[in-house]
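Reviewing the structure listed below.
Whatever order the structure lists them in is the order used to number ligands and atoms, beginning at 1. Note that the numbering runs from 1 along the sequence shown for the chain.
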Amino acid sequence: MRIDILTVLPELIKSPFEASILKRAIEAGLVEVHFHNLRDYATGGYKAIDDTQFGGGAGMVMMIEPIDKCITKLKSQRNYDEVIYMTPDGERLNQGIANTVSLKENIIILCGHYKGVDQRVRDMFVTKEISIGDYVLSGGELGAAVLCDAIIRLIPGVLGNETSALTDSFQDNLLAPPIYTKPRDYKGFKVPPVLFSGNFPEIEKWREDQAYKRTEERRPDLLDD
Ligand code: ADE
């Protein structure tokens with residue numbers, strides 16, 4: 001998979017890719033991540049990438065031309081499956097969306113700033129709009145980092161144990177069950193004995209029951225659909 005991230009603040013989004021699982025995935029060649037500074041595509045003496053709104057109103061708008069130039073250049077080099085725009089009015093990110101996006105070959109992620117991008121960017125180039133939650137961030141970069149983390153960990157080979165992404169919370173619309181490691185008894189807080197019974201069907205059933213119980217208590221909305 002190849003991800004091209006278009007941003008006015010590359011320094012804001014690079015660090016998650018320089019540590020831990022994302023770094024290892026890149027080093028192993030399982031994913032390529034490229035950052036493009038939209039300022040490099042700005043024209044004119046001031047290298048402006050934003051301007052005031054037509055019709056008036058507070059806040060600057062990201063101009064179409066630098067974005068067009070960057071996307072057009074990338075598209076001349078390869079085909080893209082999606083051009084994703086990070087925006088609070090997009091579709092709310094969930095595990096299903098992460099699963100779908102993780103299967104793509106090449107994607108572009110556009111990070112908005114200021115008030116957002118000129119509507120014509122969305123009309124002309126964007127194929128998917130994603131929000132990471134019902135709150136407004138100062139830019140799309142942190143949302144893009146969240147999206148990238150959620151999709152990259154699903155790429156086969158990225159996680160050590162191939163089955164572990166499949167047992168995450170949400171993969172079956174259930175939250176994950178409680179997990180334990182040594183010691184068996186910590187200051188009187190004990191690990192449920194079934195987990196060291198060696199009876200694997202029983203352990204599996206316990207985990208399913210716990211996942212269901214936890215979902216019912218914390219996120220009953222997940223059980224509705
Ligand atoms: N940009 C600003 N707020 C955002 C959000 N909630 N999700 C994605 N991108 C954003």
Could you go through residues 196-211 and list every donor-acceptor pair under 3.5 Å that involves a side-chain atom there, pairing it with any protein atom two or more places apart or in another chain?
residue	atom	partner	partner atom	Å
S197	OG	V194	O	2.6
S197	OG	N199	N	3.1
N199	OD1	E202	N	3.2
N199	ND2	E202	OE1	3.2
K205	NZ	D209	OD2	2.7

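- Ion pairing of E65 with K69 is present here, as a side-chain N (NZ or NE/NH1/NH2) and a carboxylate O approach within less than 4.0 Å.
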For ligand 1, run through the N/O pairs with the protein that fall under 3.5 Å and put one pair on each line.
residue	atom	partner	partner atom	Å
ligand 1	3 (N)	L137	N	3.0
ligand 1	6 (N)	G133	O	3.1
ligand 1	6 (N)	Y135	O	2.8
ligand 1	7 (N)	I132	N	2.9
ligand 1	9 (N)	T87	N	3.3

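- Side-chain contact between L9 and I13 is absent, with no heavy-atom pair separated by less than 4.5 Å.
- Linking Ile, Leu, Val, Met, Phe, Trp and Tyr residues whenever their side-chain heavy atoms come within less than 4.5 Å places I21 and I3 in a single cluster.
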Distance-only donor-acceptor pairs under 3.5 Å for side chains of residues 48-59, two or more places apart:
residue	atom	partner	partner atom	Å
Q53	NE2	A58	O	3.1

Table please: side-chain donor-acceptor pairs of residues 122-143 below 3.5 Å, with sequence neighbours left out.
residue	atom	partner	partner atom	Å
R122	NE	E129	OE2	2.8
R122	NH2	D89	OD1	2.8
R122	NH2	D89	OD2	3.3
R122	NH2	E129	OE1	2.9
D123	OD1	Q119	NE2	2.7
T127	OG1	E82	OE1	2.6
T127	OG1	V83	N	2.8
T127	OG1	V83	O	3.3
S131	OG	G133	N	3.0
S131	OG	G133	O	3.0
D134	OD1	R92	NE	3.4
D134	OD2	R92	NH2	3.4
Y135	OH	I132	O	3.1
E141	OE1	H113	NE2	2.9
E141	OE2	T7	OG1	2.5

